[in-house]
Amino acid sequence: MNELYLCESKQIDLKSTLDGGQAFRWHQHGNGFRGIIGQFSYYIFIKNKKIYISSDNLSKEKIVFIKNYLDLQYDLNLLKRNFKNNLYLSSLFKKYFGLRILKQDPWETVVCFITSSVSNISKIKKNINDLCLNIGDKVGSGYYDYTFPVPEKIINFGEENLRKLGFGFRSPYIIDASKKVINKDIILENLFNYSYEKSLSELTKIKGVGRKVADCIMTYGFQREDVFAVDRWVRRGLVNNLGYNSKHNNDKLSIVARNNFGSFSSYIQQYIFYGEKT
DNA sequence: ACTCAGGGTCGAC
DNA sequence: GTCGACCCTGAG
C-alpha cells in the first residue's frame, strides 16, 4: 500500500464528483473517499491542499489510468469562460467548481442507471452496493471491496433475488440487460464508435432504458460530452433558470438543450443537476 | 399509521 | 401524446 500525488485540491471536488449521483460506490472515509475501480480498491484523499491516492502496487500506469478516470485533463476554466455571460451557469461553475464527470465502466453504468429510475441516490447506492456485496468478487480488506458483477453472475443470481435486494420493478430490466449483453444483442464496446442517435437506439433496446437513462449511460459510461440527460432536477434548472419551455417533455428538452450546448452538454447538465439537487 | 416523492419507463388507448 | 402501473424506502 503506497500513496502518490494526483493534483492540487482545487482541481477536483471529491464530494460532488465521487458522491454526487454519477457514481454509487465511493464511500466517505476521513478526508477522502474509498472505492473500487475495476479490480482494485483505492483511497482518494486530501492532505495539505493536495489530492493523493493510495492503493496496492501503485504504478505510473495506474496513476495515468486514475487521472483519466477522474477526467483531470478536462479544462473547467474553458467551460467557465465560455458561459461567463450566462448568470445562472456562471454561478453554478463558481459555486461548484471542481465537479468533474467520471469515466466509468460501461456495464456498471447500464445497471446503475436502470436502477436509478424513480429512486434516489441513497437508495441507488444501497441497491448497487448490496448487489456487489452479494455476488461481486472480494478484492480488498474493506467492507465494500467487491467488484461489480459481470452479466453472467447477475443472470445466475436471478430476478427474484434482485427483488429481495430491493431493486423492485427494475429487476427484470437488469436481467434483460444482462441477457442482451451475453447474447450480443447489444455489444457495449461498439458504442464508443457510434453516433449519438445510433448509441441511443442501441441502448433503448434494453427494457427499462429510455432516453434519460440512455443519456446517463452515454455520459458516464461512454465519455460522451454531447449528451444532455434531463431528469426532474435538470428540468427545473432548464425551465426555471434558462427560460426553456415548460410545455416540453423531458425528451424534447434534452434534444433542444443538446442542440444548444453541443459538446459542453454533459458538463453543463452535471452542474445543473448538482446545483438543483443541492 | 399514513402520505409523499425520489436522476423513468412500459404498455395500452 | 397521455395516463396508470410498477417496487421500495426514508422523511415528515
Side-chain angles (χ1 to χ4, degrees), chain A residues 15-26 92 96 99-102 104 106 108-131 133-134 154 157-180 186 200-222 224 227-241 244-258 265-278:
Chain A
K15 182 168 175 50
S16 60
T17 302
L18 297 175
D19 200 19
Q22 54 172 316
F24 306 95
R25 296 210 293 144
W26 288 97
L92 290 176
Y96 303 113
L99 167 58
R100 291 174 185 276
I101 295 180
L102 299 172
Q104 301 182 65
E108 183 169 340
T109 60
V110 168
V111 178
C112 286
F113 285 92
I114 289 174
T115 303
S116 75
S117 166
V118 225
S119 188
N120 53 67
I121 292 175
S122 64
K123 191 187 167 204
I124 302 165
K125 285 181 73 172
K126 180 182 182 299
N127 289 154
I128 294 300
N129 284 287
D130 281 348
L131 182 66
L133 288 168
N134 271 270
I154 294 178
F157 192 55
E159 179 183 332
E160 283 314 307
N161 281 319
L162 288 174
R163 285 184 184 271
K164 282 177 189 164
L165 288 187
F167 281 85
F169 61 80
R170 307 157 195 86
S171 304
Y173 300 158
I174 292 167
I175 296 296
D176 182 64
S178 302
K179 283 182 179 167
K180 285 195 163 74
I186 176 168
L200 179 63
S201 67
E202 283 295 297
L203 287 170
T204 50
K205 289 197 298 194
I206 301 170
K207 295 262 192 253
V209 178
R211 180 182 283 267
K212 191 272 167 185
V213 169
D215 282 346
C216 284
I217 294 167
M218 284 189 265
T219 299
Y220 309 120
F222 290 92
R224 285 196 82 104
V227 178
F228 211 108
V230 177
D231 68 338
R232 55 186 74 195
W233 299 103
V234 174
R235 176 186 183 82
R236 285 179 212 182
L238 291 175
V239 171
N240 295 340
N241 300 304
Y244 279 63
N245 191 341
S246 62
K247 288 180 186 141
H248 289 337
N249 63 26
N250 289 356
D251 284 11
K252 176 68 176 173
L253 287 176
S254 172
I255 293 165
V256 175
R258 179 170 183 269
S265 293
S266 298
Y267 261 90
I268 291 173
Q269 178 271 156
Q270 193 62 23
Y271 274 83
I272 292 176
F273 171 73
Y274 196 74
E276 293 296 326
K277 193 178 64 61
T278 303

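Quick note on labels: first sequence line is chain A, next is B, and so on, each numbered from 1. Only a predicted model underlies this, so the values are computations on that prediction, with no experimental measurement involved.
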Check the distance between [N]'s [atom2] and [X]'s [atom1] and give it to me in whole angstrom.
{"X": "A:I174", "N": "C:dC7", "atom1": "CD1", "atom2": "P", "answer": "13 Å"}
{"X": "A:L238", "N": "B:dG7", "atom1": "CG", "atom2": "C1'", "answer": "14 Å"}
{"X": "A:I124", "N": "C:dG10", "atom1": "CD1", "atom2": "C1'", "answer": "14 Å"}
{"X": "A:R235", "N": "B:dG8", "atom1": "CZ", "atom2": "P", "answer": "12 Å"}
{"X": "A:R170", "N": "C:dC7", "atom1": "CZ", "atom2": "P", "answer": "10 Å"}
{"X": "A:N127", "N": "B:dG7", "atom1": "CG", "atom2": "P", "answer": "13 Å"}

Exercise. Below 4.0 angstrom, N of the basic side chain to O of the carboxylate: do A:D231 and A:R235 qualify?
Worked result: no

Problem set entry | Salt bridge flag under 4.0 Å for residues A:D19 and A:K125 |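 Salt bridge between A:D19 and A:K125, a charged N being under 4.0 Å from a carboxylate O: yes.
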
Please produce a list of atom pairs where a protein N or O lies less than 3.5 Å from an N or O of nucleotides 9-13 of chain B.
{"residue": "B:dT9", "atom": "OP1", "partner": "A:G210", "partner atom": "N", "Å": "2.8"}
{"residue": "B:dT9", "atom": "OP1", "partner": "A:G210", "partner atom": "O", "Å": "3.2"}
{"residue": "B:dT9", "atom": "OP1", "partner": "A:K212", "partner atom": "N", "Å": "3.4"}
{"residue": "B:dT9", "atom": "OP1", "partner": "A:V213", "partner atom": "N", "Å": "2.9"}
{"residue": "B:dC10", "atom": "OP1", "partner": "A:G208", "partner atom": "N", "Å": "3.2"}

Applying a 4.0 Å non-hydrogen cut-off, can you work out what [X] is touching in the nucleic acid: base, sugar-phosphate, or nothing?
{"X": "A:R236", "value": "sugar-phosphate"}
{"X": "A:I114", "value": "nothing"}
{"X": "A:G166", "value": "sugar-phosphate"}
{"X": "A:R163", "value": "sugar-phosphate"}

For this session: Could you give the distance separating B:dG7 and C:dT2 at their C1' atoms, to the nearest angstrom?
Result: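 It works out to 22 Å between them.
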
For this session: For nucleotides C:dC7 and B:dA12, find the distance between their P atoms and express it as a whole number of Å.
Result: 15 Å

Exercise. When you look at NZ of A:K179, are more than 12 heavy atoms from neighbouring residues, nucleotides or ligands closer to it than 6.0 Å?
Worked result: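 Atom NZ in A:K179 is not crowded, with 12 or fewer foreign heavy atoms closer than 6.0 Å.
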
For this session: Would you tell me whether A:Y274 and A:Q22 have side-chain atoms, one donor and one acceptor, within less than 3.5 Å of each other?
Result: no

Problem set entry | Pair A:E276, A:N241: side-chain N/O donor-acceptor within cut-off below 3.5 Å | yes

Exercise. Between A:D176 and A:K207, is there a donor-acceptor pair closer than 3.5 Å when you use the side chain of the first and the backbone of the second?
Worked result: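 Checked: pair present.
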
Which atoms form the tightest heavy-atom contact between [X] and [Y], and what is the distance?
{"X": "A:G221", "Y": "A:P106", "value": "O-CG, 3.4 Å"}
{"X": "A:L203", "Y": "A:M218", "value": "CD1-CG, 3.8 Å"}
{"X": "A:R163", "Y": "A:G168", "value": "NH1-O, 3.6 Å"}

Problem set entry | Secondary-structure stems, DNA chain C, at least 3 Watson-Crick or G-U base pairs under 3.5 Å |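 Consecutive-pair runs (3 or more) involving DNA chain C: B:2-6 with C:8-12, B:8-13 with C:1-6.
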
For this session: Measure the distance between the ring centre of A:F169 and the centre of the six-membered base ring of C:dC7, then answer whether it is under 5.5 Å with planes under 30°.
Result: no

Exercise. In this structure, which one of A:Y173, A:Y220, A:F222 forms a ring-ring contact (aromatic ring centres under 6.0 Å, His included) with A:F113?
Worked result: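 For A:F113, the ring-ring contact (aromatic ring centres under 6.0 Å, His included) check succeeds only for A:Y220.
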
Problem set entry | Straight-line distance of A:D130 CG to A:N161 CG, nearest 0.5 Å | 12.0 Å

For this session: Compute the ring centroids of A:F228 and A:F273, then answer whether they are less than 6.0 Å apart.
Result: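 Ring centroids of A:F228 and A:F273 are no less than 6.0 Å from each other.
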
Exercise. In residues 271-278 of chain A, which residues come under 4.0 Å of DNA chain B by heavy atom?
Worked result: A:F273

